[in-house]
Amino acid sequence: MMRTSVQILVIGGGPAGSTAATLLARQGFSVMLLEKDHFPRYHIGESLLPSCLPILDLTGAREKVEAHGFKRKGGAYYAWGEENWELRFSELFGTEYSWQVRRADFDQLLLEHARSEGVEVHEGVTVRQIGFEGERAVSATWERAGGEGEEATSGVVAFDYVLDASGRAGLLATKHHHSRRHHEVFKNVALWGYWKNTKPFGYGPEGGIGVCSIPHGWLWQIPLHDGTVSVGAVITKEHLREQQAKQSDIAQIYRGHIAESPLISNLVEGAELSSEVKAETDYSYVTDRFAGPGYLVAGDAACFLDPLLSTGVHLAMYSALLSAATLSSILRDGVDEADATSFYTQAYRTAYERLLVLVSVFYEAYRGRDEHFFNAQRLSRREKSNLKLHEAFLHITAGVEDLADAMDQERAYDAVAKELVGPDAEAGNPLANHNVNMLQPPDDPGRSLAGLYLAIEPKLTLMYADSRKPEAV
Ligand SMILES: Cc1cc2nc3c(=O)[nH]c(=O)nc-3n(C[C@H](O)[C@H](O)[C@H](O)COP(=O)(O)OP(=O)(O)OC[C@H]3O[C@@H](n4cnc5c(N)ncnc54)[C@H](O)[C@@H]3O)c2cc1C
């Protein structure tokens, strides 16, 4: 039997949903998570960033992930246009690695962990719609498909808050708010498969991702702990269409792209493609509504970014952390709902947009390495310190800059948001030429951090930097 009311309902058991649910359960809230599939289930998105380590420490799942034996990822190697360079996570302080994971295993491990921390998890249950009273989300209608000899069941669950972590399905954005907007510049398609008996990649840090540009896109190679290597091609939709006009076999098109990179074709020479070739559009998008009365939207349900910098799981887990702190601050600590949701929106959207801008300038292949590093430094809170360009890029693309910014009482994200959309943007700022005309104006009220910052100790919450509302701290 499913309960008919719960304090917090989480929709979706991917990294965003299971992380947020666990953090909230650990703060003492009653949490129900509904996941439409039965785990383990296949998912793409295998290369993680070091920022997930401190978040796994907070959920208590770090040891379980360590024990699973996933491949350790030491960084990234880029063969981009004329340039080659590498990012070594060992240069970061405290989080010197991440993992390359089979998502079926990783996601199941996190979902089981959520269960063990007291989350009421139901698999095979799809949320069909959210009920509103005025603007406020108040309930969800769910459905469980019938199995053999079993009737389908359905019901309604009332909640104080709902976290939509339904991934690319994006229940609130696509079904209720119609608020999802696609970025015209990133209309890409990914083709990928898994290879056995490859040669060693031979470049960059141990266990790292390899990213190699090709004329109409780029390729990834990700070594996994089961000995297979995930190899993918990301190309424009337009280019795929042109190719399909001449050649209908998607596997041949995929192999043709691999042949365009000497590094990747050398890797798979003599190896066996041990899976079917999978294909997915990976159009980047963002919703206009990250939060509102009674609801927050996390992970891919809110926004999706081209996988060039492997940021998806980072954004999912980071927004999960922000959303757990936001809900704790409202439900337990008396922080004003409008302030807290404004903070959430600003913090998550700015993190997303900063990475979006970096990916965008990256695609302009001939700008070169120094240009990427320069742009990263402009987008870093450490701009005025002695941080080197390379380090600024490393901190942002490792995800660790977001955690530091959200916890910064000086409202570092406000400064970053200004850099992204401020007056400089019109006056020749190279970041303004990123072709991503999706950014909100800086005076949009939803852009304010509301004077709040993320606090982890002694409890997970949002705090007012100027103690104007002492009861909240
Ligand atoms: C080609 C490609 C390559 C990528 N590579 C990387 C990479 O290397 N590294 C990286 O970090 N990211 C990568 N990503 C992105 C990554 O896959 C996602 O960003 C990440 O999985 C988002 O996590 P999430 O929890 O928000 O959503 P998901 O992991 O998609 O989880 C959402 C869950 O919600 C469930 N659900 C959906 N609708 C409902 C409903 N109505 N009711 C109940 N449950 C529901 C789904 O079944 C699913 O389990 C890649 C993406 C693509 C397309």
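Just so you know, these numbers come straight off a predicted model, no measurement behind them. Both ligands and their constituent atoms are indexed starting at 1 by order of listing.
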Visitor: Does any donor atom in the side chain of D306 or H183 lie under 3.5 Å from an acceptor atom in the other side chain?
Guide: no

Visitor: Between V234 and L308, is a side chain to side chain contact (heavy atoms under 4.5 Å, CB included) present by the stated rule, with each step listed?
Guide: CA-CA 9 Å; V234 177; L308 181 62; over 6 Å; no

Visitor: What protein heavy atom sits nearest atom 37 (C) of ligand 1, and how far off is it?
Guide: S166 O, 3.1 Å

Visitor: Report the nearest protein non-hydrogen atom to atom 34 (O) of ligand 1: residue, atom name, distance rounded to 0.1 Å.
Guide: G12 CA, 3.3 Å

Visitor: Has ligand 1 got any nitrogen or oxygen that is less than 3.5 angstrom from a nitrogen or oxygen of T281?
Guide: no

Visitor: May I ask you to decide if G81's main-chain N or O and S213's side chain share a donor-acceptor pair within less than 3.5 Å?
Guide: yes

Visitor: List ligand 1 atoms under 4.0 Å from G167, heavy atoms only on the residue side.
Guide: 27 (O), 30 (O), 32 (C)

Visitor: Pair Y295, T341 - check side chain to side chain contact (heavy atoms under 4.5 Å, CB included), show working.
Guide: CA-CA 9 Å; Y295 68 89; T341 53; over 6 Å; no

Visitor: Salt bridge or not for R168 and E280, using N-O below 4.0 Å?
Guide: yes

Visitor: Which residue holds the protein heavy atom closest to atom 14 (N) of ligand 1, what is that atom called, and what is the gap in Å?
Guide: G45 CA, 3.6 Å

Visitor: Short N/O distance, under 3.5 Å, between W192 and ligand 1?
Guide: no

Visitor: Looking only at protein heavy atoms, which one is nearest to atom 26 (O) of ligand 1, and what is the separation?
Guide: D300 N, 2.9 Å

Visitor: Output the list of atoms in ligand 1 that are nearer than 4.0 Å to some heavy atom of G299, sorted by atom number.
Guide: 26 (O)

Visitor: When you check the gap from the basic side-chain N to the acidic O, do E206 and R88 get nearer than 4.0 Å?
Guide: no

Visitor: With the side chain counted from C-beta on, respond yes when W142 and T153 share a heavy-atom pair under 4.5 Å apart, and no when they do not.
Guide: yes

Visitor: Looking only at protein heavy atoms, which one is nearest to atom 21 (O) of ligand 1, and how far off is it?
Guide: R103 NH2, 2.9 Å

Visitor: What atoms of ligand 1 come within less than 4.0 Å of a heavy atom belonging to A16?
Guide: 25 (O), 26 (O)

Visitor: Give the residue, atom name and distance (to 0.1 Å) of the protein heavy atom nearest atom 4 (C) of ligand 1.
Guide: P307 CB, 3.5 Å

Visitor: Just checking, is any N or O donor in the side chain of T461 or S328 under 3.5 Å from an acceptor N or O on the other one?
Guide: no

Visitor: Nearest to atom 42 (N) of ligand 1 by heavy atom, V127, T19, V10, L308: which?
Guide: V127

Visitor: Classify the ring geometry of H239 against H216: parallel below 30°, tilted from 30° to 60°, perpendicular beyond 60°.
Guide: parallel

Visitor: Looking at R41, which atoms of ligand 1 are within less than 4.0 Å of one of its heavy atoms?
Guide: 29 (O), 31 (O), 48 (C), 49 (O)

Visitor: Which is closest to atom 52 (C) of ligand 1 by heavy-atom distance: I44, L171, L305?
Guide: I44

Visitor: Over 60° means perpendicular and under 30° means parallel, so classify the ring planes of F70 and H225, tilted if in between.
Guide: perpendicular

Visitor: Does the N or O separation between K36 and ligand 1 drop below 3.5 Å for any pair?
Guide: yes

Visitor: Would you kindly specify which portion of P15 sits under 4.0 Å from ligand 1, judged on non-hydrogen atoms: side chain, backbone, both or neither?
Guide: both

Visitor: So, is E35 polar-close to ligand 1, with some N/O to N/O distance under 3.5 Å?
Guide: yes

Visitor: Just to be sure I read this right, does ligand 1 sit under 4.0 Å from the backbone of A316, its side chain, both, or neither, counting only heavy atoms?
Guide: side chain

Visitor: Report the part of L34 (side chain from C-beta onward, or backbone N, CA, C, O) that has a heavy atom under 4.0 Å from ligand 1; answer both or neither where that applies.
Guide: backbone

Visitor: Given side chain to side chain contact (heavy atoms under 4.5 Å, CB included), test W99 with L56 step by step and report yes or no.
Guide: CA-CA 12 Å; W99 297 279; L56 289 169; 3.7 Å; yes

Visitor: Is it the side chain (CB and beyond), the backbone, both or neither of S310 that lies under 4.0 Å from ligand 1, heavy atoms counted?
Guide: both

Visitor: With rounding to the nearest 0.5 Å, note down the distance linking NE2 in H314 to OG in S51.
Guide: 4.5 Å

Visitor: For ligand 1, does E46 get within less than 4.0 Å through its side chain, its backbone, both, or neither, judged by non-hydrogen atoms?
Guide: backbone

Visitor: Nearest protein heavy atom to atom 1 (C) of ligand 1, by residue and atom, and its distance?
Guide: A190 CB, 3.4 Å

Visitor: Would you mind listing which atoms of ligand 1 come within a distance below 4.0 Å of any non-hydrogen atom of E280?
Guide: 53 (C)

Visitor: Take D105 and H68 through the test side chain to side chain donor-acceptor pair (under 3.5 Å) and record every step on the way to the result.
Guide: CA-CA 9 Å; D105 301 1; H68 192 82; 3.2 Å; yes

Visitor: Check this for me, if you would: do R115 and E123 make a salt bridge, where the nitrogen-to-carboxylate-oxygen distance has to be below 4.0 angstrom?
Guide: yes

Visitor: Has ligand 1 got any nitrogen or oxygen that is less than 3.5 angstrom from a nitrogen or oxygen of T311?
Guide: no

Visitor: Answer with yes or no whether the side chains of E46 and S230 bring together a donor and an acceptor at under 3.5 Å.
Guide: yes

Visitor: Any side-chain heavy atom of K64 sitting closer than 4.5 Å to one from S116?
Guide: yes

Visitor: Numbering the atoms of ligand 1 from 1, which are under 4.0 Å from a heavy atom of I11?
Guide: 40 (C), 42 (N), 43 (C)

Visitor: Would you say F304 contacts ligand 1, with heavy atoms under 4.0 Å as the rule?
Guide: yes

Visitor: Which protein heavy atom lies closest to atom 11 (O) of ligand 1, and at what distance to 0.1 Å?
Guide: V313 N, 2.8 Å

Visitor: Need the ligand 1 atom indices (1-based, order shown) with element for anything under 4.0 Å from a heavy-atom of H43.
Guide: 17 (O), 21 (O), 28 (P), 29 (O), 30 (O)

Visitor: Give a yes-or-no answer on whether the side chains of K73 and S47 include a donor-acceptor pair shorter than 3.5 Å.
Guide: yes

Visitor: Atoms of ligand 1 less than 4.0 Å from G14 heavy atoms?
Guide: 25 (O), 29 (O), 31 (O), 33 (C)

